[in-house]
Structures are given as C-alpha cells and as structure tokens.
Amino acid sequence: MILPIALVFALSGSEKEETEKAAKALGYLIGQKIKDSPLRLEQGKIMEGLKEALGQKKPSLSETERAEALAKMEEKIYLAAAEKNLLQASLFLQKNAKSPGVVELEKDKLQYKIIRKGAGPSVQSHSTPLVRFKGSLLNGETFFFQEQVIDQKDLMDGLQKALAGMQEKEIRKIFIHPSLGSVQTVLPPNALLIFEVEILKADKSALSQNRPPEIAQEKKLR
C-alpha cells in the first residue's frame, strides 16, 4: 500500500516507522516470490508493471493480456514443481528402502515401517476398520489428520495395500509415491505422501454407515 506524501509527513515517528517496515516487508515478500520462481523474470519489466499499476505509466497490456500471461506463467511453475517433486519422491524412496525396518511393498513406490506393533484382529480385505490417519509431506508439513471408520475400497491404492494385515493398535509409517496416491488438489503436484496410520479397531462394520464425510472424494483418501 502506497501512502500519499502528505499523510506520511503527518504520521508520528512510531507510525511512520511501522509503515516503512510494512512497505519493506511487502517488498521482501515480492522479491522472495520472484527469487523462488523457476522462471527467469526480468526485474526491469517487473518495475514497469509496478509503475503501471500505480498510475505512473500507461498500461502496456490489456486486462485480458495480463490474465493470459499470468495463467501461462502459473502453468509453467506448476509443471516445473511437478517435475522437481517427482524426482525428490523417487530419490527419497530409493534411499529410504535401505533404512532399517523399512518394508518395500512395491519397489521405489510403496514402503512402510512399523512404529508400534499391534495384537489381535488384523485388517482384512473385507474389513471396515476404525483408523487414525496423519498425512504429511517430505518437509514435515501436516496436511491431514483424521480419525474415522473407512471403507477400504475408497482409499488410494497405496493406503489400501499398506493397511492390509495391520493389527489393532499397530502404527505404521507409510511412504507413497505420487503414482499410487492422489491428493494433488490440495497439495504440491507429484508430492511424496507420508502417512502415519494407527488401527484402532480392525473391523467396525456396524459403524460404517455413520462415518463422517470429512475426507473429500476428490482427495482420493476415500
């Protein structure tokens, strides 16, 4: 936000200092976005766009042209991120397969590690288990946490396969290649998915009709 010069002079010392900090923070944020972009954006052209937006220059692009240019840029950024994340996922799984305790269900695609052993009944293909899920990304960011009765046929492929045979109270950390998981509507494209799953009850079929709808269908968790 740009303040009129007269208003800046009217501000008290502390207010002016806060305004200047806010302006600097905004500039830093814009600079960070430019630096982190996989595209090489000319700083001179960015400054021209700022001047046009502030009314210091006549706009050189129409609103339609600006929208089209930004849409193309976003598509390129998305594709670049997808390629980078896919490579990171593959490299992580290759390395993780050699870690102690890691079981590989599909080579370089699906792995799990038992965090806590269970006992008693186990999850079968026909079971409707009561499960506690926690989903996270490689950087540790949590994107999902839920406890609910699930219908296994609604789970993503990776989770279906990794849950098979889990006993009650067992906790597994599951590593899923993006080709076996689909939560990309809310996450970075081609992100490696890491789930910590606890089986609270191996089969709660009687409650399956009352399970909450929190996990959206498009997320392919259920």
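Positions are given from 1 along the sequence. The analysis underlying the following values was restricted to heavy atoms, covering all of them including side chains, and did not include hydrogens, waters or symmetry mates.
By the salt bridge (charged side-chain N to carboxylate O under 4.0 Å, His left out) test, Lys117 is found to be paired with no residue, residues two or more places apart in sequence or in another chain being considered. For Tyr112, the ring-ring contact (aromatic ring centres under 6.0 Å, His included) criterion is met by no residue, not counting sequence neighbours. Not a single salt bridge (charged side-chain N to carboxylate O under 4.0 Å, His left out) links Lys134 to another residue, sequence neighbours left out. Scanning for salt bridge (charged side-chain N to carboxylate O under 4.0 Å, His left out) contacts around Glu170 gives Arg172, with sequence neighbours left out.
We find that Lys21 and Glu17 are joined by a salt bridge, their nearest charged nitrogen and carboxylate oxygen being less than 4.0 Å apart. Comment: Lys51 does not engage Glu48 in a salt bridge, judged by the lack of any side-chain N to carboxylate O separation of less than 4.0 angstrom.
Residue Ser125 holds its OG atom at 12.5 Å from CG of Leu163, rounded to the nearest 0.5 Å. Here the NE2-NZ distance, from His177 to Lys107, works out to 12.5 Å after rounding to the nearest 0.5 Å. Taking NZ of Lys161 as the reference point, atom CD1 of Ile174 lies at 13.0 Å (rounded to 0.5 Å). With values rounded to the nearest 0.5 angstrom, Leu86 atom CG is found 4.5 Å from Asn190 atom CG. Taking CG of Asp154 as the start and CD of Gln152 as the end, the distance is 10.0 Å to the nearest 0.5 Å. Rounded to the nearest 0.5 Å, atoms CG (Leu91) and CG (Leu138) are 10.5 Å apart.
At least one donor-acceptor pair under 3.5 Å links the side chain of Arg66 to the backbone N or O of Leu61. Side chain of Asn85 to backbone of Ala191: no donor-acceptor contact under 3.5 angstrom is found. One N or O on the side chain of Glu168 and one on the backbone of Ala202 form a donor-acceptor pair closer than 3.5 Å. Judged by distance alone, with hydrogens and angles left aside, the side-chain atoms of Gln146 form no donor-acceptor pair with the main-chain N or O of Phe133 at under 3.5 Å. No donor-acceptor pair under 3.5 Å is formed between the side chain of Gln56 and the backbone N or O of Leu50. Panel note: side chain Asp203, backbone Pro129; no donor-acceptor pair is recorded below 3.5 Å. When atom types are taken as modelled, the side chain of Glu104 and the backbone of Asp108 share a donor-acceptor pair closer than 3.5 angstrom.
When all heavy atoms are compared, the tightest approach of Leu137 to Pro188 is CD1-CD, 4.0 Å. Phe143 and Ser136 get closest at one heavy-atom pair: CE2-N, 3.2 Å.
Side-chain contact between Arg132 and Leu200 is present, with heavy atoms from C-beta onward closer than 4.5 Å. A heavy-atom distance below 4.5 Å is found between the side chains of Lys173 and Ile194. Taking 4.5 Å as the limit, some side-chain heavy atom of Ile176 sits within range of a side-chain heavy atom of Leu110. In this structure the side chain of Asp157 reaches within 4.5 angstrom of the side chain of Gln160, judged on heavy atoms. No side-chain heavy atom of Glu83 sits under 4.5 Å from any side-chain heavy atom of Leu87. Within the 4.5 Å cutoff, side-chain heavy atoms of Ile199 are placed close to those of Val131. Annotation: side chain of Val197 is in contact with side chain of Leu159 (closest heavy-atom distance under 4.5 Å).
The list of ring-ring contact (aromatic ring centres under 6.0 Å, His included) pairs with a residue in residues 85-105, not counting sequence neighbours, reads Phe92-Phe175.
Leu105 and Leu93 sit in two unconnected hydrophobic clusters of ILVMFWY residues. Membership requires side-chain heavy atoms under 4.5 Å apart, directly or through other members. With hydrophobic clusters built from ILVMFWY side chains whose heavy atoms lie under 4.5 angstrom apart, Ile46 shares a cluster with Leu70. The cluster map of Ile, Leu, Val, Met, Phe, Trp and Tyr, joined by side-chain heavy atoms under 4.5 Å apart, puts Phe144 and Leu155 in the same cluster.
Annotation for Ile115: hydrophobic cluster partners, listed by chain and number, are Ile171 (ILVMFWY side-chain heavy atoms under 4.5 Å, direct or chained).
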